[in-house]
Protein chains: 2
Amino acid sequence: MKRQDRRSDCPISFALETFGDTWSLLVMRDLLFTGKRTFGDFLRSEEGIATNVLAARLRALEEAGLIRAEGEGRNLRYGPTAKGLDLLPILLEMIAWSARHDARSAAPPAFVARISKDRAALMSELREQIAGAHGPPAKRSKSKK
Amino acid sequence: MKRQDRRSDCPISFALETFGDTWSLLVMRDLLFTGKRTFGDFLRSEEGIATNVLAARLRALEEAGLIRAEGEGRNLRYGPTAKGLDLLPILLEMIAWSARHDARSAAPPAFVARISKDRAALMSELREQIAGAHGPPAKRSKSKK
DNA sequence: CTGTATCCTTAGGGATACTG
DNA sequence: CAGTATCCCTAAGGATACAG
């Protein structure tokens with residue numbers, strides 16, 4: 001979609017056109033919840049994305065202004081922009097929804113509870129945690145996926 | 001996806017597999033925000049969905065337990081189930097995100113403001129409004145898309 | 001009006017080999 | 001490790017004609 005052939009000015013439609021594909025939100029999840037920062041990190045995610053697909057996705061996310069690359073060569077690291085960070089509420093609601101409607105959901109109940117009952121504090125904790133994700137690759141922290 | 005070849009137990013992934021395609025959330029939007037209830041209503045939406053695609057989507061949404069069909073023949077009407085109604089918070093956050101990051105967003109500012117500042121009341125208003133959507137087809141109410 | 005039935009096209013995605 | 005480069009393939013989506 002070439003940015004000018006939008007289907008409509010509907011905000012839902014815009015959101016879908018920006019990150020409504022198979023992989024974007026999974027990469028953002030890795031970025032926002034699991035502290036993953038490198039190409040290899042994303043590649044090793046449970047769902048198994050192909051290298052070319054991942055590369056394409058990272059490029060698209062960067063063009064959309066959701067992520068930013070820093071460093072170069074083997075030191076390249078990806079991080080969320082403010083715009084990408086703003087996806088947090090959407091992702092949280094998706095987690096809450098799945099926790100409620102999917103028996104197999106892997107979301108920690110305590111975490112899920114906080115989404116509705118302790119929203120503000122949870123959000124700032126997460127933002128802090130994300131900002132501090134600068135250790136060596138594959139840092140797991142006590143993230144929840 | 002045949003319900004058993006899930007990519008993972010990640011809640012984000014589950015959500016995407018359930019309604020992460022091009023059309024599902026747009027149909028749910030019509031259902032939850034604009035009071036549309038009939039095949040023709042959805043068909044006339046701004047984005048222009050094809051009849052076969054719409055039919056397939058409605059079937060999938062029904063299988064996923066997000067919508068329910070009532071009546072028969074020309075009197076057929078679709079409505080959200082509780083599970084579908086629960087998508088409301090996700091859609092609201094998507095609206096808020098687009099309002100913030102898309103200059104062309106058509107979301108009414110007053111509505112957007114309420115998403116963060118008057119969430120509870122907004123939600124129950126919407127739920128009421130949705131429950132009451134039983135007039136003749138193409139009822140527009142004072143919805144926002 | 002509410003869909004089915006076809007046909008066709010294409011973007012998105014998978015597998016794999018390879019490179020600096 | 002961080003990607004490119006290919007090749008291939010299929011599910012998803014468009015267009016349109018038709019049916020109860």
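On a predicted model such as this, the values are computed, not experimentally measured, just so you know. Naming convention: chains lettered A, B, ... in sequence-line order (proteins, then strands); numbering from 1 in each chain.
In this structure, the separation between CD on A:E17 and CD on B:E47 is 8.0 Å, given to the nearest 0.5 Å. Interatomic distance, B:L85 CG to B:I67 CD1, rounded to the nearest 0.5 Å: 13.5 Å.
Straight-line distance from the CZ atom of B:R57 to the C1' atom of C:dT2: 18 Å, rounded to whole Å. The CG-P distance, from B:L43 to D:dT16, rounds to 14 Å in whole Å. The distance from atom CG of A:N75 to atom P of D:dC1 is 13 Å, rounded to the nearest whole Å. Per the geometry, CZ belonging to B:R7 stands 12 Å off C1' belonging to C:dG12, to the nearest Å. Between the P atom of D:dT4 and the CG atom of A:L76 lies a distance of 10 Å, rounded to the nearest Å. Atoms CD (A:E72) and P (C:dG20) sit 18 Å apart, rounded to a whole Å. Summarising the geometry, the separation between CZ on A:R77 and P on D:dA2 is reported as 9 Å, rounded to the nearest angstrom. Summarising the geometry, the separation between CG on B:L54 and P on C:dT4 is reported as 10 Å, rounded to the nearest angstrom.
Checking C:dG13, D:dC1, C:dT2 against the side-chain heavy atoms of A:R44 singles out D:dC1 as nearest. With D:dG13, D:dT4, C:dG3 as the choices, the nucleotide that has an atom nearest any side-chain atom of A:R59 turns out to be D:dT4. Candidate nucleotides D:dG13, D:dA2, C:dG3 were compared by shortest atom distance to the side chain of B:A55, and C:dG3 ranks first. The side chain of B:N52 approaches C:dA5 more closely than any other nucleotide in the set C:dA5, D:dG3, C:dT16.
Here A:T22 reaches the OP1 or OP2 of C:dG13: one of its side-chain N or O atoms lies under 4.0 Å away. For A:W23 and C:dG14, the shortest distance from a side-chain N or O to OP1 or OP2 is below 4.0 Å.
Within a 6.0 Å sphere centred on CZ of B:R119, heavy atoms belonging to other residues, nucleotides or ligands number more than 12.
Residue A:L66 comes nearest to A:K83 through the heavy atom pair CD2-CG, 3.7 Å, listed as atom of the first residue, atom of the second, then distance.
You'll find a donor-acceptor pair under 3.5 Å spanning the side chain of A:T51 and the base of D:dT4, going by distance alone.
Under the 6.0 Å distance and 45° angle rule, A:R7 counts as a cation-pi partner of B:W23.
Residue A:Y78 is in sugar-phosphate contact alone, with no base atom involved, counting any heavy-atom pair closer than 4.0 Å across all strands shown. If you check every strand for non-hydrogen atoms under 4.0 Å, A:G73 touches sugar and phosphate atoms only.
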